[in-house]
Amino acid sequence: MQEGYDPAAIEPAAQQYWAERRAFAAREDPARPKFYCLSMFPYPSGRLHMGHVRNYTIGDVLARYMRMQGHNVLQPMGWDAFGLPAENAAISNRVPPAKWTRENIATMRTQMRALGFAIDWERELATCDPHYYRWNQWLFLRMRERGVAYRTTGVVNWDPVDQTVLANEQVIDGRGWRTGALIEKREIPMYYLNITRYADELLAALDALPGWPERVRVMQANWIGRSEGVEIAFPYAPDARAATGADAALRVFTTRADTLFGATFMAVAAEHPLALAAAKADARLAAFVEECRRGSVMEADVATQEKRGMPTGLHVLHPFTGAALPVWVANYVLMGYGEGAVMGVPAHDERDFEFALKHDLPIVTVVRSASGAYEEVRAPWIAAYAEYGATVNSGEFSGLGFEAAVDAIAAALEAKGLGRKRVHYRLRDWGISRQRYWGCPIPIIHCGACGEVPVPDEQLPVVLPEDLVPDGSGNPLAKTPAFYECRCPKCGGAARRETDTMDTFVDSSWYFLRYACADDERAMVDARVDYWLPTDQYIGGIEHAILHLLYSRFWTRVMRDMGLVKFAEPFTNLLTQGMVLNHIYSHQAPGERKRYFNPEDVDERRAADGSVTYEVDTPEHVTLAVEHEGLGTMSKSKGNGVDPEGIVKRFGADTARLFMMSASPPEQTLEWSGEGVQGAFRQIRRLWSAVYEHVAAGPAPAPAQLNEAQRVLRRLAHRRLAKATDDIGRRRNFNTAIAAMIEVLNAVKLFDDHSPAGRAVRQEALEIVTLVFSPVIPHVCHALWQALGKTRAVIDEPWPLPDPAALEQATHEIVVQVNGKLRGHVVVPVDADEETVRAAALADERVRRFVADKAVRRVIVVPGKLVNVVI
RNA sequence: GCCCCGAUGGCGGAACUGGUAGACGCGCCGGACUCAAAAUCCGGUUCUGGCGACAGAGUGUGGGUUCGAUUCCCUCUCGGGGCACCA
């Protein structure tokens with residue numbers, strides 16, 4: 001063993017040892033409990049960032065811990081390799097996306113290997129590989145046969161920067177999730193996956209996911225957005241019948257059927273058929289409709305947008321009173337939700353109230369307020385009453401509570417054939433067509449004679465040509481006849497291949513299945529999937545709480561319904577790791593662009609009055625005062641990134657891993673700290689020197705009779721082992737497990753006993769520390785384990801068990817309080833009865849001083865913990 | 001607007017089931033080693049008063065329950081996140 005800790009030597013040696021033995025190649029073994037430890041695969045953007053390192057370190061610690069616990073562990077890795085950054089890089093560098101992507105994968109794979117993750121690289125996959133994406137295409141065709149995938153023309157979200165369509169889930173605050181560009185509405189034919197068919201199940205099953213964070217389940221539930229209500233048909237009045245030429249009814253959906261008698265107008269979306277019919281005869285209305293259809297997704301307006309509207313001049317009839325209600329076109333009604341029409345109840349809906357005020361529409365109060373008083377809602381001094389209450393002014397339905405009123409009204413409507421109870425979801429079907437090149441081709445051929453024809457299975461995969469270089473104007477596939485010119489599989493005539501590709505979220509919706517059988521050329525999934533899946537632990541960023549995790553749950557259900565897999569939920573336990581933050585420092589010179597500086601280069605100046613300023617020596621050798629802007633995620637634009645490779649080169653992978661795992665619990669944000677990294681390095685070096693000094697004195701003898709100090713050290717080691725096991729195994733709190741081991745290490749460092757028994761106790765303590773630390777800092781522990789005289793590799797050791805005998809003690813300390821305040825400690829035998837403990841507490845000198853001559857009213861004894869004397 | 005989460009020393013965090021608040025680390029202070037510095041090692045470090053023994057205060061605010069509250073309940077403040085004309 002070398003005296004000095006040298007990560008540059010021991011880390012490659014440990015990695016080589018694992019690689020030579022294929023130590024992490026996982027094989028199916030029904031005899032052992034399996035543990036499928038999955039981290040979200042990265043997009044190969046170029047280089048690993050700290051977020052990746054944190055994600056994969058958490059997964060790796062768990063994987064290595066479970067392996068030592070006797071599980072058959074699978075920890076795979078792959079690449080989410082299709083996507084727009086590759087195309088954008090291609091446009092600026094004139095390199096095909098395939099080349100750019102594969103080079104990035106190679107770089108990032110090398111970086112990951114240097115971090116020493118226990119990954120089964122034999123199962124590696126990349127979604128841009130035809131061996132992978134052929135199964136996207138295959139399953140898409142099966143979905144199409146079942147009506148789960150379908151093509152339709154509809155209004156879509158168009159990202160003008162990326163020149164493609166986005167799913168609703170990918171539009172955030174009216175902007176593209178990737179580009180931040182304002183989204184436009186366009187009408188395009190595209191393919192959809194019928195995720196709404198599973199809305200009810202996806203929602204209900206959230207309750208059966210106890211291993212998921214509450215937060216994520218709530219977010220998914222909100223996104224699915226189930227609401228129970230009543231669909232009501234308002235028959236057309238003669239004017240509406242004349243305008244549309246149909247004897248029909250205007251359908252609305254409402255969660256407040258109890259307020260039906262308060263409806264004084266109807267509001268429809270600009271795209272609603274009734275609005276379009278009325279606009280034909282009214283130029284001003286037509287202009288308004290056109291305006292609404294074009295602009296209304298403008299993000300900045302959404303919150304403040306005023307309730308604008310115009311009357312259609314048409315009317316519908318109230319289903320019970322027969323009153324003629326005017327139909328308005330209103331900009332606050334969305335065509336995409338419900339029926340694209342609402343009944344306007346100004347007295348009991350804030351939006352309707354606002355609209356009625358503006359357009360001078362009548363307000364009719366039909367719900368009593370909760371206090372029981374009847375308060376008429378009138379403009380402008382009373383606002384809409386949107387709470388529940390008893391109905392009034394509602395004919396035969398008056399005097400009912402909310403539920404009774406809804407039930408009675410729904411039943412009466414159903415009897416008339418004018419309505420029924422219904423459930424609505426906010427969730428929309430998933431549009432997957434993208435007008436982009438670097439993605440999985442949709443396996444469809446458009447034939448002038450036969451229409452839409454699926455590519456026959458035996459012709460799959462439809463291979464994406466890899467040598468195209470996009471120029472930034474539209475989809476290069478649509479400009480490549482060699483790709484799109486083809487023969488119709490049905491009639492043999494000339495046909496055109498679909499040039500849209502699939503949303504990359506399709507690729508990531510099932511990759512976790514494919515790791516189980518990545519080499520199967522004949523089937524998408526096989527029996528090995530049933531062995532490994534569902535994943536026991538999934539680890540990734542909270543940013544995927546809705547998109548990826550919801551799509552994957554849907555996709556797995558589709559495969560279940562096809563009999564391809566036997567489970568519905570792919571991820572049993574989910575851990576959403578916090579982001580990695582760093583300080584942001586900037587300098588704003590007058591008239592210049594703000595400059596950002598890396599925290600690494602910033603010096604702290606502490607003035608005599610305690611105030612702190614920051615300054616930086618610039619590359620041009622000028623000292624600038626910089627401002628501390630607080631913490632933010634590491635980013636190029638803020639200049640606060642830290643390159644993992646640099647940390648590994650300077651300190652080694654173990655230091656990077658230890659810092660990340662010890663600084664905060666995995667779900668919380670992690671503040672990067674240069675001093676913290678140094679501290680982690682220092683701890684490893686302390687561990688190294690403790691083992692070095694110990695083994696330099698020769699082999700440790702077998703344990704013998706122990707004195708008190710030796711028993712204390714041994715007890716501490718076993719106690720902290722028990723705590724660390726619980727912290728990692730149950731609580732997933734790695735930071736406290738690490739703290740517990742540092743405590744043991746500190747005690748070993750202070751333990752100055754070189755007797756044979758002392759050396760035996762120290763040996764055991766160092767073995768415990770090395771074993772418990774080994775999932776976190778595997779390289780150095782690999783070397784230390786050998787140094788401690790072991791022949792088996794530390795990765796093959798079982799997780800240690802605390803020795804109950806070591807934990808035993810004859811006496812223990814009891815806390816004594818007087819009136820709830822800590823006043824003393826007494827040492828009593830562990831088996832002392834309550835009376836003895838009570839007597840000992842009352843006899844304590846400090847306790848007696850505080851009690852003095854006051855009467856003791858009560859003494860509370862908590863066995864093994866404390867005594868509280870109440871005076 | 002609605003929903004969720006959070007607030008603990010100079011800093012990151014710990015206290016798991018209502019029972020010693022501040023584990024562990026960082027930083028800082030003092031000491032040892034050194035010609036010196038770095039590294040390393042040892043000691044101290046919630047605040048206030050006191051040389052000290054010790055005493056008092058203290059987990060965002062105000063209240064409640066309890067022998068006892070960082071922990072449970074209510075109020076408010078601040079911070080973070082999610083959803084948002086969703087009928």
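Hydrogens, waters and symmetry mates are skipped; everything else that's a heavy atom, side chains included, is used. Keep in mind that this is a model prediction, so the values were computed, not measured. First the proteins, then the strands, lettered A, B, ... as listed; each starts at 1.
- A gap of 13 Å separates the C1' atoms of B:rC33 and B:rA37, to the nearest Å.
- Interface remark: the A:Arg215 side chain does not form any donor-acceptor pair with the B:rC5 base, using a distance-only criterion of under 3.5 Å.
- Base contact: A:Asp726 has a heavy atom under 4.0 Å from a base atom.
- Contact annotation for A:His825: base contact, defined as any heavy-atom pair under 4.0 Å involving a base atom.
- Among the nucleotides B:rC16, B:rC24, B:rC86, the one closest to any side-chain atom of A:Asp727 is B:rC16.
- Here A:Asn735 lies in heavy-atom contact (under 4.0 Å) with sugar-phosphate atoms only.
- Closest contact between the side chain of A:Glu675 and the listed nucleotides B:rC26, B:rU20, B:rC85 involves B:rC26.
- Between A:Arg685 and A:Glu3 there is no salt bridge, since no side-chain nitrogen of the basic residue lies less than 4.0 Å from a carboxylate oxygen of the acidic one.
- For A:Leu822, the listed nucleotide lying nearest its side chain is B:rA21; candidates were B:rA21, B:rA39, B:rA84.
- In this structure, A:Lys821 atom NZ and B:rG58 atom P are separated by 7 Å, rounded to whole Å.
- Among the heavy atoms of the strands, none lies under 4.0 Å from A:Ser673.
- A:Gln683 comes within 4.0 angstrom of sugar-phosphate atoms only, judged by non-hydrogen atoms across all strands, and of no base.
- Contact of A:Arg857 with B:rC67 (side chain to base): no donor-acceptor pair of N or O atoms is detected under 3.5 Å.
- Atom P of nucleotide B:rC4 and atom CD1 of A:Ile542 are separated by 16 Å, given to the nearest angstrom.
- The CD1 atom of A:Ile860 sits 12 Å away from the C1' atom of B:rG18 (whole-angstrom rounding).
- Between the base of B:rC83 and the side chain of A:Asn222 there is no donor-acceptor pair shorter than 3.5 Å.
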